[in-house]
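Side-chain atoms are counted along with the backbone in the values below, which use heavy atoms only and exclude waters and symmetry mates. Per chain, numbering begins at 1; letters A, B, ... match sequence-line order. None of the values given here were measured: they were computed from a predicted structure.
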Amino acid sequence: MELQFLGIGILTWILFLPIAGLIIILLIPGDKLKAIRITATAITGIQVILAAVIFRHFDRAIEGINSIEGFQFVEKYRWITVEAVPWFGRIEINYFLGIDGLSVLMVILTALIGFIGAISSWTIKKQVKGYFALYMLLVTGMMGVFVALDFFLFFIFWEVMLLPMYFLIGIWGGPRREYAAIKFFLYTFVGGILMMLVMLALYFSVAVPDPETGEMYHTFNILHMMNPAYYVEGSILAGVDTTWRYVAWMALFINFAIKIPLFPFHTWLPDAHVEAPTPISVILAGVLLKLGTYGLLRISFPIFPDATMYFMIFMAVLGMISIIYGAFCALAQDDFKKLIAYSSISHMGIVVIGIAALNTQGMVGGVLQMFNHGIITAVLFLMVGVVYDRTGKRGLYDFGGLANQMPKYTGIAMIGLFAALGLPGLNGFVSELFSFLGAFEAYRWIAIVSVFGIIITAGYILWTLQRVFLGNTPEHLTSLKDLTTREMVCFVPLIILIILLGVYPAPAIELMNTSLSYLTQIVTVPAY
Amino acid sequence: MSEHVLNSIGLFVPEIILVASLCIIIVADLLLKKRTHAGGWILLASLVLCFFAFSAQSGINTSAFFAMIAVDPFSVFFKVILVISGIFIVLFSMQNKELIPYKNRIGEYYMLIAGMMLGMFLMVSSTNLLMMYLAFEMTSICSYVLVGFTKKSIRSAESSIKYIIYGSVSSGIMIYGMSLIYGMSGSLNIFEIGAALSGLESAPIFSMAVLMITAGIGFKIALVPFHFWAPDVYEGAPMAITALLAVTSKIAAVAMLIRLFRVSFTGVDATGMMAIIPEGIRWDMMLAVMAAAAMILGNLAALWQDNIKRMLAYSSIAHAGYIIMGVVVLTDQGISAVMLYAFMYLFMNLGTFYMAMLYANKFSTESIEGYKGIGYRAPFTAVALTIFLVSLTGLPPTAGFIAKLYIFGAAINAGWIWLVLVAGVMTIVSLFYYIRVARNMFLYKPEGETEPVRFDNFTTAIVLLLLTPVLVLGVYFTPVLEFIKHSLVMFGVQ
């Protein structure tokens, strides 16, 4: 499947449009705020249209994961090539993009959340030019991770996100922004170094023959790394179930667990969320956290199936702890943003126990939960942003009786909160159900304990609803205005998706079912 | 015989250009007292000429002046790096405000830089211990004077004295080590030394001689434990000279270390693999420990610095550690990684020093705390400085990332996992102090004056000249790899 505009593949367009936007924004004088905002919104808007085109043309029946034929919209060019030298072999790095059932939903999510984030960024008043320039860079980084199939490229995009994120939190954040920003940077940088070391070890362990000359050369191609036949005899990561493979898996896992974030690597998240400005919280919870689970599925699972099977219970236990621990922490919060941050940890735990089950239901549930959670938390953070913009407060006890004052807002917030709770009929329910079904089949007790997390979730969400929206409106809140049109534009597409996928999740599941069944098969029935 | 000399002179053109310019600068200084930077322009022109002379030397692989120096792709590669950095150093010097009070003597300054460049050219190409020593001393003596050039500043004078004392002791130790080697092998020619040593059994005296020579060269590289001079000297010297010490002479010393160790102390064992000679001494382990120590000490000490020059001094100690990792590996892959690192390091580190110099000129502060809010007053240069620092940290998509990737890759491939782990952890530590500068520039509001600061076009052009390679080489580095691939040929080494 190929799709090109002006001779350039659709994935390159969707990936590098924000870079074009970045250049345009840098050329606009800093005081023309409106032009800058419109540029950013338009660029991300075009990304959404491209994502829709991808959705329309995506072939649901192709498997993907480990063969280039299975990927769609593939673009593969030589990027860095140095011909053979006796002491180094050939050096080859490819510009290799493609999507399959695993990544297509993430690409759509990134485009959508990027667009919503850009609209909600219109409230940013300080240093607008710098803000949107960094925002564009961030969007490219996120999109790049989801479409890259060359480990080198994947790594570059992974690390490119750090710096814009650091400044976006550090300059435009709340009072403790400096601490939160460096904490985020440090945690993810530690993970990045670990991933770099594994990447190098994989590079030197894998060698593929050139189809024409038969000469063996090392490669960063992720698909080749999945093929046990390509591992060089005696290299560090060759073999099955070796100590070095376990070590490498663990290093990758720590990197991804930091991003997810999984207990005990989660402590950066509440700080980053609380201090980040609203649109950045939306991006962070909506897309960035998914990079962790996506990395597990794209890299760890198919490249190290042996180690994945070995550590399956370990992952599930960490997922379980995250679900319960995150929910309990959320129960204890009186800061609205912190509550959502901890609920994110809890909900990402569900993704992990779903995918760690290594069966099709669990995988589908997990990936769908990634998408759904992205949309739901985006709604929740936008919701906090609305009252925070109006009052400058976000303590749960600062509010009350908003239902009387802001009916539209309350309606939307209710849908978002109930979706997070997992109410049947809304999208959260479907994916949580699948995840738990898969988990129950694989490891009964862990699933049973984890389900209690849902009860606690119901507890904190209902309590929040009661504290913020019900009761009498205090005196200082009586002048609050309901949602503006711009805010409605942010909310409406997300709410439609929440309801649509709750009632009829088939379009999303169809996209990924084939690929994920195949992935399950690769991991559980290894090729050797 | 006379034919050999004539041939040798033909190979010596770049050095001759430099010597000629050195003489012209002295004369010009006498005639044109008023034109302060005339010497700088002359030196600049001669360096550009050298650059072209080097491109004419590509592909030559021979020995000159009775095996005193080698003109081979390896030395030409490093000389190109030296020339590029020399050009930037001259450009920096023309803008360095610290030098203004000494403008009557500025001719001497450029003459000394020319002498130092000549010394470094010889360092990377000599193939004889005596020649190595002479080249080394020529570089050192010029740099002692240059460090103390702003002699009315107490710090400069102090650091010059410190540098002389440390430098003369180290070079004394080095020549002692060389004389031991001469005693063992009966030759000063590094190829003959290699041949003589390959048959010998290990003895403590060899380890001692190698250690002594390492002490001398390690002093120039600022490798731990020979680094004690670096922070004080870097802080006291004029900024352009600090950059010269941190980048140019360090790279020259690394090249000399590689040539000596590769030719004299590395042989081929029975299985055809590269091995250390004489058998039994472990200079690779010794260098690995020094590299690890340099990374740990450099990065941890840099955390506590407030003066940007001191911070960069410790950071350059840490980078010496990363570079030496490639030498430890002992393979051509390691050496090529070192060459790549040197090439990338050149631009990112010179860029950082240039920004530090500009800010010292404009805001008269060398304190990192004094950088608060600069991001809002001088956005372009602040963004550039941030990119240089990010590159020094080793984050993609900058040149520094590629450099680190190749060094780490060479070490992993050779099985030095513990060393790579140390380097990885220390890279994380380095994030703190590099990002601290960016944090002060962007996360704080300016204190006191807030109006924007403008830089002239000349400055902007230099910044762009340094910034472009850092960004472009981060995403497309094939040409550099190709260049290195062809430059990895050392005279007399198979």
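- Annotation for B:Y376: atom OH counts as buried by contact number, over 12 foreign heavy atoms lying within 6.0 Å.
- Under a cut-off of 6.0 angstrom, the local environment of CD in B:E451 is crowded, with over 12 non-hydrogen atoms contributed by other residues, nucleotides or ligands.
- Contacts between residues 185-192 of chain A and chain B, defined by a heavy-atom separation under 4.5 Å, are made by A:F185, A:L186, A:F189, A:V190.
- Distance check: A:I171 CD1 to B:F442 CZ gives 6.5 Å after rounding to the nearest 0.5 Å.
- From A:F204, atom CZ reaches atom CD of B:Q333 across 4.5 Å, with rounding to the nearest 0.5 Å.
- Residues of residues 151-163 of chain A lying under 4.5 angstrom from chain B, judged on non-hydrogen atoms, are A:F152, A:F155, A:I156, A:E159, A:V160, A:L162, A:L163 in numerical order.
- For B:L443, the parts sitting under 4.5 Å from any heavy atom of chain A are the backbone and the side chain alike.
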Check: residues 469-479 of chain B side-chain donor-acceptor pairs under 3.5 Å, at least two apart:
none

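- If you take CG on A:L200 and CD1 on B:I412, they are separated by 4.5 Å, rounding to the nearest 0.5 Å.
- Contacts of B:L395 with chain A are made by side-chain atoms alone, with heavy-atom separations under 4.5 Å and no backbone atom involved.
- In this structure, chain A has a heavy atom under 4.5 Å from the side chain of B:I402, while its backbone stays farther away.
- Annotation: side chain of A:W244 is in contact with side chain of B:I417 (closest heavy-atom distance under 4.5 Å).
- Both the backbone and the side chain of A:L197 come within less than 4.5 Å of a heavy atom of chain B.
- Between A:E178 atom CD and B:Y444 atom OH the span is 3.0 Å, to the nearest 0.5 Å.
- Partners of A:T219 according to the side-chain hydrogen bond (donor to acceptor under 3.5 Å, both in side chains) rule, which considers only residues two or more places apart in sequence or in another chain, do not exist here.
- Highest contact tally toward chain A, considering only B:P396, B:G375, B:A438, is held by B:P396 [criterion: heavy-atom pairs under 4.5 Å].
- Proximity to chain A involves both the backbone and the side chain of B:L405, based on heavy atoms less than 4.5 angstrom apart.
- Of the atoms belonging to B:T386, it is side-chain heavy atoms, and not backbone ones, that fall under 4.5 Å from chain A.
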